[in-house]
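What follows is one structure encoded as structure tokens, with my remarks underneath.
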Amino acid sequence: DASAAQGKAITPMTAPATAPSDIAALVAAAKDRPQPAIIVVPRDNSADNLAGAAEKKAPYKPDFANIRFAAIPYRIKPVVLDGDLSEWADVPALPMTAAASAVAAKDNLAPLPQVVKAQWDNTGLYMAYEVKKSSAAITKVKAANFWQGDCVEVWVDLLNTKERQRSELTQQFWAWVDGAADDHQKVGGEAISYGRHSEYAVLEKDQIQVASKKTPTGWTMEFHIPRERFHNIDLRPGRILGMNFSICTGSPLYYYWAG
């Protein structure tokens, strides 16, 4: 939602962590809730599709209530992380919604069309972004207020239970366009908030991978979250994950998918 896209989604410090014995109860409790979700789909093994091109149409239509639903195609070859999005041409984009604050309205910051795409392979999740801005400047910040800079955020609900409070199975990552203000080696991080844990844990280039390029109208980014960064992810064809995506533009104008 808009608050989450602006980095305002917090979990009370008294929220209990989710124990393994609670997982079945969480799944059962979430059965009738709207399920904004991502579904990971298998690769196409046809001879002319060895590069991992995506299908032009969604391979699956959910039969349950949902807010937004999308399919992430499997990629046979690793994505070359260089900020060039040409190898993403056939991957369907996710429709992003603008979230403008009162300050954005006052400054006449009109929403612009944004492009966000996702793929997966056995190493983890890949995201690609083509971001347009009214200003070409890149805002750099520190971890304490990471969402106020130019960055992207990815939330993953590993069991798709849609609990109101976070647990070890709900994770939030971010990636900066040009590293942290105090250290270029810091490329992003994880916002940890469950039980008694509350931390903006900064991650470096060997922990998550980020490649960006400035453009005349903004920037592009490729972002790879390795599977070992997730607490209990089950990456296989047909697996449904709850996911949110947001774009932070270094201004009071944000964009998000799902909620």
Side-chain angles (χ1 to χ4, degrees), residues 18 20 23 27 35-62 68-94 115-130 152-161 167-176 187-192 201 203-212 220-245 257-258:
T18 303
I23 291 176
V27 173
Q35 302 286 302
I38 286 288
I39 184 170
V40 293
V41 297
R43 66 186 184 186
D44 181 349
N45 288 318
S46 60
D48 60 350
N49 196 30
L50 294 181
E55 290 289 341
K56 296 293 186 180
K57 60 183 180 180
Y60 175 79
K61 184 177 180 179
R68 277 182 172 168
F69 193 91
I72 294 183
Y74 180 91
R75 184 171 178 85
I76 296 174
K77 296 181 180 179
V79 174
V80 178
L81 299 172
D82 56 7
D84 181 354
L85 307 187
S86 58
E87 60 185 315
W88 293 78
D90 291 333
V91 178
L94 303 172
V115 175
V116 177
K117 299 181 177 183
Q119 299 186 74
W120 73 286
D121 66 9
N122 294 338
T123 70
L125 300 177
Y126 296 92
M127 280 68 63
Y129 303 82
E130 183 177 357
V152 301
E153 296 175 271
V154 178
W155 287 262
V156 183
D157 182 353
L158 297 168
L159 293 181
N160 196 34
T161 60
S167 73
E168 292 178 272
L169 300 178
T170 53
Q171 295 180 259
Q172 176 187 358
F173 298 93
W174 81 85
W176 283 303
V187 296
E190 180 180 358
I192 302 170
L203 299 175
E204 298 190 352
K205 295 180 178 180
D206 61 336
Q207 297 171 299
I208 57 174
Q209 293 73 52
V210 182
S212 305
T220 62
M221 179 194 291
E222 291 177 299
F223 180 20
H224 177 240
I225 307 177
R227 66 183 305 153
E228 55 265 27
R229 298 248 59 89
F230 296 102
H231 295 161
N232 187 28
I233 196 166
D234 182 11
L235 283 179
R236 55 177 172 168
R239 180 68 176 176
I240 295 178
L241 303 173
M243 295 189 73
N244 287 4
F245 299 89
W257 183 90

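Small disclaimer: the values here were computed from a predicted structure and weren't measured. If you read the sequence from its start, that first residue is 1, and numbering goes on from there.
Gln171 contributes a side-chain N or O that, together with a main-chain N or O of Arg229, makes up a donor-acceptor pair within less than 3.5 Å. Lys117 places no side-chain N or O within 3.5 Å of a backbone atom of Ala128 that could act as its donor or acceptor partner.
In this view, Asp82 satisfies the side-chain hydrogen bond (donor to acceptor under 3.5 Å, both in side chains) rule with no residue, not counting sequence neighbours. Every residue two or more places apart in sequence or in another chain that forms a side-chain hydrogen bond (donor to acceptor under 3.5 Å, both in side chains) with Glu87 is listed here: Arg75. A search for ring pair (Phe, Tyr, Trp, His ring centres under 6.0 Å) contacts involving Trp176 returns Trp174, not counting sequence neighbours. Taking Gln209 as the reference, His224 meet the side-chain hydrogen bond (donor to acceptor under 3.5 Å, both in side chains) condition, with sequence neighbours excluded. Residues that satisfy the side-chain contact (heavy atoms from CB on, under 4.5 Å) test with Val152, not counting sequence neighbours, are Tyr129, Ala175, Trp219, Met221, Phe223. In this structure, Glu190 has no salt bridge (charged side-chain N to carboxylate O under 4.0 Å, His left out) partners at least two apart in sequence or on a different chain.
Between Glu130 and Trp88, the side chains place no donor N or O within less than 3.5 Å of an acceptor N or O (distance only, hydrogens not considered). For the residue pair Tyr126 / Asp121, a side-chain donor-acceptor distance below 3.5 Å is found, with atom types taken as modelled.
Here the CD atom belonging to Glu222 is positioned 5.5 Å from the CG atom belonging to Leu81, to the nearest 0.5 angstrom. The CG atom of Asn160 sits 6.5 Å away from the CD1 atom of Ile240 when rounded to the nearest 0.5 Å. Taking CZ of Phe245 as the reference point, atom CE of Met127 lies at 6.0 Å (rounded to 0.5 Å). A distance of 9.5 Å separates CD1 in Ile72 from CH2 in Trp120, rounded to the nearest 0.5 Å. Atom CZ of Phe230 and atom CD1 of Ile225 lie 4.5 Å apart (nearest 0.5 Å).
The shortest side-chain heavy-atom distance between Leu241 and Leu159 does not fall under the 4.5 Å cut-off. Counting heavy atoms from C-beta outward, Val187 and Ile208 have side chains that approach closer than 4.5 Å. Looking at Val91 and Pro73, their side chains come closer than 4.5 Å, going by heavy atoms from C-beta outward.
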Item to check | Worked check of side chain to side chain contact (heavy atoms under 4.5 Å, CB included) between Arg227 and Thr123 | outcome: CA-CA 6 Å; Arg227 66 183 305 153; Thr123 70; 5.9 Å; no
Item to check | Derivation of the side chain to side chain contact (heavy atoms under 4.5 Å, CB included) call for Met243 and Trp155 | outcome: CA-CA 5 Å; Met243 295 189 73; Trp155 287 262; over 6 Å; no
Checklist entry - Step by step, would you call Leu235 with Leu125 a side chain to side chain contact (heavy atoms under 4.5 Å, CB included)? => result CA-CA 9 Å; Leu235 283 179; Leu125 300 177; 4.0 Å; yes
Checklist entry - Can Leu169 and Asn232 be said to form a side chain to side chain contact (heavy atoms under 4.5 Å, CB included), step by step? => result CA-CA 7 Å; Leu169 300 178; Asn232 187 28; 3.8 Å; yes
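The minimum heavy-atom distance between Ala201 and Ile192, with the atom names listed, is CB-CD1, 4.0 Å. Nearest heavy atom pair, residue Ser212 against residue Val210, reads OG-CG1, 3.9 Å.
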